[in-house]
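Take a look at the structure below.
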Protein chains: 2
Amino acid sequence: MREELTNELLFFFNGFSSWENSIVRASDLTISEAHALEVLGEHEKINMKSLAQKLGVTTGTTTVTVDRLEKKNFAKRESIQEDRRVNLIVLTEKGKKAFEEHHNYHIQLTEQMVSVLSEDEIKQFNDTLKKINMETF
Amino acid sequence: MREELTNELLFFFNGFSSWENSIVRASDLTISEAHALEVLGEHEKINMKSLAQKLGVTTGTTTVTVDRLEKKNFAKRESIQEDRRVNLIVLTEKGKKAFEEHHNYHIQLTEQMVSVLSEDEIKQFNDTLKKINMETF
DNA sequence: TCTTATTGTTTGGTATTCAAGATGTATTAT
DNA sequence: ATAATACATCTTGAATACCAAACAATAAGA
């Protein structure tokens, strides 16, 4: 790797927690609750194990997070007859509304971040991120 | 913002903790210790306040982190005559070695991440990241 | 039926962080 | 010179986040 590229590219991996802090300040959600909300907003119903996997944490951790979302009335557990071990998590109306707000805030921040780029640059940047496939990291 | 770009760009802000976990597994460092080590490796001597600022945390938090680095013999505090309130933090030999290893690991991971890109793409990607100036987020 | 696998919860412990207060030292104003 | 103020750092108390391992209930297979 060429030395003049290193700094930005290394930095790429670091320090992305500051925007999470702004979520905490701007909403009634903690960071882990906000992460869970992001996943729940994309799924009508999802069980604890899948949710934990998508969040990249253990089911024990997810239990606690969902407990809190339930206590705050953002989500609720629903049991199913097919398998009585399973809980499906669904957003309440309040949860759906919070998801929309959070999502809009996320979009707004992203727009602000790329606002210094031209349309072509945004497209190129996006293609590159897609190629890099960050989900594997 | 055009809808087809949204997913990647939003994802850009999320989920960069997984590589940090691999640091913890691959070394004797916790995440906050590794962050501090990154800063300390770039500075011969740095005081607590500057270190805290560069880490984006309070000095109280930094005290705890440096305590642990000191206990593990990665760094040590040095006092100065000019101002006896101040502690300058410096890496020990063990700390310097750990920094090099950590840094190499960081580079290796970054190289792996951009290995799917052409030279031109890497350059363009790098320029774009510079423009975005992620340090403000 | 008995054993094994799976889903989710609980428990005990560590890490990370902040806010607010305390301590010691330096600087400034009187 | 003394008093007031500012500053660097540390300490304390509390909240959040997380994991590993043990546990409970249910499902599935031999």
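Numbered from 1 within each chain, the chains take letters A, B, ... in sequence-line order.
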**Prompt:** Is any side-chain N or O of A/T61 closer than 4.0 Å to OP1 or OP2 of D/dC18?
**Reply:** no

**Message:** So, does A/R68 get its side chain near the phosphate of D/dA17, meaning an N or O under 4.0 Å from OP1 or OP2?
**Reply:** yes

**Asked** Base, sugar-phosphate alone, or nothing: which one does A/T30 contact when heavy atoms must sit under 4.0 Å apart?
**Response** sugar-phosphate

Roughly how many Å is it from [atom1] in [X] to [atom2] in [N], rounded to a whole number?
X     : N      : atom1 : atom2 : answer
A/D67 : D/dT16 : CG    : C1'   : 14 Å
B/L29 : C/dT16 : CG    : P     : 10 Å
A/H35 : D/dA17 : NE2   : P     : 9 Å
B/D28 : C/dT14 : CG    : P     : 16 Å
A/M48 : D/dT26 : CE    : P     : 17 Å
A/I80 : D/dA25 : CD1   : P     : 19 Å
A/I31 : C/dA15 : CD1   : C1'   : 14 Å
B/E33 : C/dT16 : CD    : C1'   : 11 Å

**Complete:** Scanning both residues in full, the closest heavy-atom pair of B/K72 with B/K94 reads O-NZ, 2.8 Å

**Message:** If you compare all heavy atoms of A/T92 against all heavy atoms of A/N73, which two are closest, and at what distance to 0.1 Å?
**Reply:** OG1-O, 2.7 Å

Could you pull out the protein-nucleic contacts involving nucleotides 27-29 of chain C (nitrogen or oxygen on both sides, under 3.5 Å)?
none

**Salt bridge flag under 4.0 Å for residues B/K131 and A/E121** = yes

**Request:** From the options B/I89, B/L29, B/L91, select the one residue that forms a side chain to side chain contact (heavy atoms under 4.5 Å, CB included) with B/L69.
**Result:** B/L29

**Request:** Start with the C-alpha distance between A/E93 and A/K96, add both sets of side-chain angles, then the distance that settles salt bridge (Lys or Arg N to Asp or Glu O under 4.0 Å), and finish with yes or no.
**Result:** CA-CA 5 Å; A/E93 283 308 311; A/K96 284 177 191 163; 3.5 Å; yes

**Message:** Please compare B/Q81 and A/N47 by the position of their nearest nucleotide in DNA chain C and report the one closer to 5'.
**Reply:** A/N47

**Message:** Measuring from the side chain of A/T59 (C-beta onward, heavy atoms only), which nucleotide among D/dC10, C/dT9, C/dA19 has the closest atom?
**Reply:** C/dT9

**Prompt:** With respect to the side chain of B/V57, which nucleotide from C/dC18, C/dT7, D/dA17 is positioned closest?
**Reply:** C/dC18

**Message:** For a quick check under 3.5 Å, do A/T61 and A/T58 share a side-chain donor-acceptor pair by atom type?
**Reply:** yes

**Item:** 5' precedence on DNA chain D between B/V64 and A/V64 (nearest-nucleotide basis)
**Value:** B/V64

**Prompt:** Where each residue is assigned the nucleotide of DNA chain D containing its nearest heavy atom, which of A/S32 and A/R84 is assigned the position nearer the 5′ end?
**Reply:** A/S32

**Request:** Please step through salt bridge (Lys or Arg N to Asp or Glu O under 4.0 Å) for the pair A/D127 and A/K123, ending with a clear verdict.
**Result:** CA-CA 6 Å; A/D127 289 348; A/K123 184 165 174 16; 3.7 Å; yes

